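Beneath this line is the structure, given in structure tokens, with notes to follow.
Please read all numbers here as calculations on a predicted model, not as lab measurements. Residue numbers begin at 1 in each chain, while the letters A, B, ... track the order of the sequences.
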Amino acid sequence: MKQSLFKHPLFLIALLVSSVSFGQAIKGTVSDANGGLPGVNITIAGTTSGALSDFDGNYVIEASEGDVLVFSYVGYQTEERTVGSEMVINVTMSEDLTALDEVVVIGYGSTTVKDATGAVAAVRSEDFNQGVISSPEQLIQGKTAGVQISNTSGQPGAGINIRIRGTNSVRSNNNPLFVVDGIPLSGGSTVAGGDVPGVGGNPAKNPLNFLNPNDIESISILKDASATAIYGSRGANGVVIITTKNGRSRDGEFTYQFNVSSSKPRETYNLLSSKKFLSERTRLGLDNSADYGSSTDWQDVIFRTAASHNQNVSYSKSHDTGSYLASVGFGNQLGVVENSNMERISARLNVNQRFLDDKLKISLQGTYSRINDQLAPIAGSAGFRGDLLGAAYSANPTWPNRAGFDETGGLLNPANLLAYSSGRANTNRYLASLSAEYDISDDLRGKVSVGIDQSDSDNYSVSSKNLNSTGSVTGNGRGSYNNLEVENELLEATLNYNKTFGDSKLEALVGFSYQSFRNSGINSSAWGFGTDDMDQMGDDMKSIVNNIANQIPGSFQQFGYAPNLSGVYVNRLFPDVAQEFISPSGSIGAIKSLAVDSYDNTTELQSYFARVNYSYKNKYLLTATVRADGSSSFSKDNRYGYFPSGAIAWKLSEEDFLSDSNVSTLKLRVSAGITGNQEGVGYGNYVRRERWGGLGISDSGEIFLNSGVGAVAFAEPNLKWESTVQYGAGLDFGFNDDRLSGSIDVYSKETQDLLFLINTAQPAVNPTQFKNLEDSKIVNKGVEFGLAYDLVQSEDFNWSASFNVAYNDNMVESLTGEYLSANVNGPGLTGATAQKLQEGYPLFSYFVRVFDGYNADGTPIITEDPQFVGKSALPTVTGGFSTNLSYKRWTMSAYLSGQFGHYVYNNTANAFFTAGAFNTSRNVLPETLTSGEGLGASAEASTRFLEKGDFVRLQNLSFSYNLPLSGKGTFKSMVLSLTGQNLLLFTNYSGLDPEVSSSTGGSLPSIGMDYGAYPNPTTITFGINAKF
Amino acid sequence: MKKLKNIKLIALSLMAIFTMNSCSDLEIEATDSVIKGALIFEGVANPAEALSGLYGQTWGMLGDQANFFALNEVTTDEQVIPTRGSDWGDNGLWRSLHAHTWKIDHGFLLTTWNQLNEKVLKATEIIDPLSNASSQQVAEAKFLRAFNMYFVLDMWGQAPFRNATDGASVTPSVFSASEAYDFIINDLNDAIAGLPNIGPSSETKGASKAAANFLKAKVILNSERYTGSEPNYNEVISAVDAVESAGFGLQAGYFDLFLPSVDTETVLYGEIGIGNRIWNGMHYNIVSPDNGGGGWNGFSTLAEFYDLFEGDANQNYVGSGQEERRGFVPDASNADPNTNYGIGYGFLIGQQYDANGNALSDRAGNPLNFTRDFDLQNSSETQAIRVIKYHPYDGSGSASFRAHEIILRFADAHLMRAEAMLRGGGGSATAEVNELRALRGASPLSSVSLDDMIDERGRELYVEFFRRNDLLRFDQFTKNWEFKDPASVGDTTRNLFPIPLDALISNPNLVQNPGY
């Protein structure tokens, strides 16, 4: 069922009705060190009467003598004044420096860290990481215990892996749920994928690239079930809530941020020079007719020192009844590999407006972004010829650096690949949320929100006919043009009840949420281009596809043409399955063969939820949540899942027995809950569905119309929610007014009824199908510890340091079946895998042959069969350390991150750095030829290429200087900063970087595989942040 | 205050209505796929297109060099893929097939098991009355079901079966070998009755009475392995006679048979790109105008197999005394961009040349000289004899990767008939074999034994994916050949493949074959 979000305008109108106020006035001004403070909440203790200060900090409130006025404002210490005889009460608020008092945005509301019962963490903009930040999660990398954020590569805008308290599911999506300004995002990609002809599919992009990091106010992370349960079905992997900035400045303020940076690969391989290449060949008795007379450093050819820039202007203003913020940003981030960059243009408008004596609050958060990606021909799934990086590592250094050079014996010439392959993706995205919040009574508040998340993305991946050594591409040209449109709609309604009676405080929430996710688009492939101009190839594909599509009457699933067909075929599903031929007008001659396939499907989620927060004497806190989630991915009988959770907390520091101690915070938390997961199951996998089979273009440009119509999904009415049962306990502590503070958490998560793509019992319509594995259980257990200490606190000099560490133990406790995964790619490695999923072992456990040196002939001595070697790609310990030093106007911050206990499979070395590779005239490392390996040896996947992945990285080092300005000129403030990212890496890993995860393909998502991964760059950034 | 209360009431009720109205039933909508009957099978959406898909997928399976083809050819003396330095090691994937040391987790087994059985169910769905297929469509589906199930039976000795109306949660039953045999013969008899009579023409890519008779002859000839009793050889002979009476027969010009043009031998062909058949054995530096990237330098053959043919043991140049079916290697005098691109036909041995007659080198600059000898584990780029039956030069000068692969060829039927005669069906097997040999320019045999018969089949039908099937029938699949693991010689448990582990787990009715 499709929803029209603005179906009920009456509701909004109904809320726009005035109410009445009353009473006799106490006046005053609330200010802070800088002057009047707007938006301060003034309430009379024990009542619900209240007022807000206006833009000059002035307020008026009805009160009687003896009433206690409570002045509260986020980020300031709460002040209390008793009303006496005077009618004017002025208050100066002081900033609250206690970190633990930070507000955390939780699902459908907010709380403070002090009052939270669950494991939640918040990182605010002032604590964000600095430098080149292409997407929001980089802002908080390493800031929170138990949250592991890894880039999948160093490519601008590359995909991310975020693991909150371990890896629960065996499907592709273990990322948490992202909620941006109240809109839960879909887990899917919004960037159309492409397939570089002869190389492979583009790696996934980060789904958060569309957000301008400068617009973000805070990021909250909900870790345990009691916190995530309000998001029920989608909270099993944790929840990341991103809140964007609102207008705060009373006078109106411009902020201008500018940064410019320079990046280069942190490290490259120490490959043989051409001279050494030839002398080693001579030494090893190999023929030197492989000498092509040049001396080329192929890494120099494909890597570069790249300059990037990013600019952002925002204007923010608050006034009596609301605030607004507008921003525009433009940035271009260049990758350290030629032909890779990401350009982002973004705009944001956030408006908050209160009506009806502040009883009605309307908020709008809207953003638009345009992302233009240029994609180098790099793919983790590249076959035996490798991709651009593999080609550069293995190319003969005596080849000339010339795109036209083709005497490569079937190997890839990097210069040729670089010159004659092109990938572009252009994505427009709109995300807007509009909400109306109304105080129905003093205790009861209602809120309705609608959200739209819409994107439109085109991907053009082409290789021109000048590309050498790639079968049918050479001489013809091949390309793909894909389009992806995503349209997600959200409708939410909540009722909030707040009541304080005596020592008790009750907060109750009930709500309804409906969300639909529509994905539609086309995938097309083309062969035989009239031009070798790659931009023109892309344009030709798009215009021909659109031209024909517009001329097809009615609906279609596929169309296309080829020299062996007369006319354009159209394959329809509706109203009936039919194949027709049409003769569209307009030229199609620029491409010889074209095959287009389309898709359009919608999944829906509908939920009902309720939460109660109860606190007694501000010492004993209780939260209980239940959510019922319905998903259109399951049949009627299994559609709804019910996910309850509960948590209690005891603030020991509020007890009398601790009141005189220097314990400023001591809180014990215990939680339990169930969350669900259905992400990745996708559209209609529980019904028998039929579609036209995929049509390909043969190497000689023909299309054979014999794919037919067949089942793409098998009836499986028993599919149901996967669920995770979580238990957790935590202790928050602080001493000396929280000068030393920290928390420790323990947890256990058990995921059961795993939704798994199993092998179907044959005969079956598909080799695999989704099924809930009975008796399956994946367990993550862990401990998280965080500590922060203000080492020095003085007027001019402050020094603080914080540290977090998490230990996670993952285990597949029971599972029917065994599943090989994580393909090892490269020459001679077809069908090789490195990992296996089996009960009794952690996820991503390595399962390979054991290597034990070389025999006299230089043949590797390896076990006959692969086996579990007791090593996993999952880190057991992750940690971060950060420190901040400030002296007068100077600030320095540093942040180190580390991961330990995991192993990386060096697929790059397995594929390219072997003596056998040298024997076939590929370049290698000097140590490859002294290892004892024979020139004729085959390099089977084995523990020889399995290495410890432990590392510590100096992720971020930043200096900033706050210019002394009078404040009376144009500029209110100006901060200059210099930031270095990825400056140092401490590791014993022999590859370029152990923090990689190439998606090498296989039956399960792969992690820990390093196959020609895009290097993580070292970046130096100079930035200016000015307010005026 | 009354007014205020009303407003609250309105706001509350509006909110309630809003919420109620927006409730969705969460039913799936068919926007890009046909959903018939939602949960239970109610017939395929379109029998003609379902059948087209079934053909396409069957041909697709046969065109692959891995999986089905590898299990039926690389497990024999005809094909071997030596590991060449870092190339083709593939964790022993290829070596274990030739050495007969494959294990239950060999990746090709699961893929092939899935591919064959999937097609069995798709055929069953078309055959199901709910699909309302025409009688000819039903007959074609039965032919294709028999074809796919036959290989399940032949490779695993049992065959799972699922009704079209069973959903994913029903555990399929499993036919024993003799049950599966009866089922296949039934399907073929029905197919013969319902299929059209198609003679030599471009229409032989579809199932015909002749194709069904051909397959029936093949299944019966092999039936002793499934039923335990002696095959009815007269039925084999009469089934081949029926193929012949449809107009099929032997044709001269051996390598022309593999061109896409119509000939009297092609009983069934598939529209399959034949690039895999061309390039899997060619060296990287052997190129054609449509494939500048060259070959993949893998698939080779044993010298002992090469020696089955008449001709010089160490070379195959024109005039070195070879028979037609062994082909030839063009040299400086007859390499030609207009007839062969310098690429040989049949068996490639010795120095190779480019289209202009220049001697080729390997990637390190050594002469590209294919040798008889090689090592399974550790070969150079140039070792081992290569086999090429389909040729990139097809006379048109353009479409070298034409999509036309022979699936059933009359010469096979002709030899099956001769074999049936030899094994007791009556008639002169020697005359039959010599008829073929005369056409191929090979000297006649004075008499034909079973050993001559399997060798003749090898010479005529090499790398046409029936070698495993043939060797099994002649009890030679377990014989010794170069690089076979000594422990596997004589090991009859190798006659069947192991049921892949994932398949065993998915269906408790399957019983693992002995020896695994």
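Contact of A:Phe912 with chain B is not made at all, since no heavy-atom distance falls under 4.5 Å. Using a 4.5 Å cut-off between heavy atoms, B:Phe161 touches chain A through its backbone atoms (N, CA, C, O) alone. Proximity to chain B is absent for every atom of A:Phe634, based on heavy atoms less than 4.5 angstrom apart. For B:Gln115, no part lies near chain A; criterion is any non-hydrogen pair under 4.5 Å. Looking at B:Leu121, the atoms closer than 4.5 Å to chain A (heavy atoms on both sides) sit in the backbone and in the side chain alike. A:Ile862 does not touch chain B: none of its heavy atoms, backbone or side chain, sits under 4.5 Å away. Interface remark: B:Asp166 contributes backbone atoms only to the contact with chain A (heavy atom separation under 4.5 Å). Heavy-atom distances place both the backbone and the side chain of B:Glu118 under 4.5 Å from chain A. Contacts of A:Lys636 with chain B are made by side-chain atoms alone, with heavy-atom separations under 4.5 Å and no backbone atom involved. Using a 4.5 Å cut-off between heavy atoms, B:Leu501 touches chain A through its side chain atoms alone.
A:Asn706 contributes no side-chain N or O that, together with a main-chain N or O of B:Gly53, makes up a donor-acceptor pair within less than 3.5 Å. For the pair A:Ser921 (side chain) and B:Arg363 (backbone), a donor-acceptor distance under 3.5 Å is present. The closest donor-acceptor contact from the side chain of B:Asn117 to the backbone of A:Pro763 lies at 3.5 Å or more, if one exists at all. The closest donor-acceptor contact from the side chain of A:Arg688 to the backbone of B:Ile35 lies at 3.5 Å or more, if one exists at all.
Of all the heavy atoms in A:Val577 and B:Asn46, the pair that sits closest is O-ND2, 3.2 Å.
Between A:Glu690 and B:Glu125, every side-chain heavy-atom pair lies at or beyond the 4.5 Å cut-off.
The line from CZ of B:Arg162 to OG1 of A:Thr760 is 7.5 Å long, rounded to the nearest 0.5 Å.
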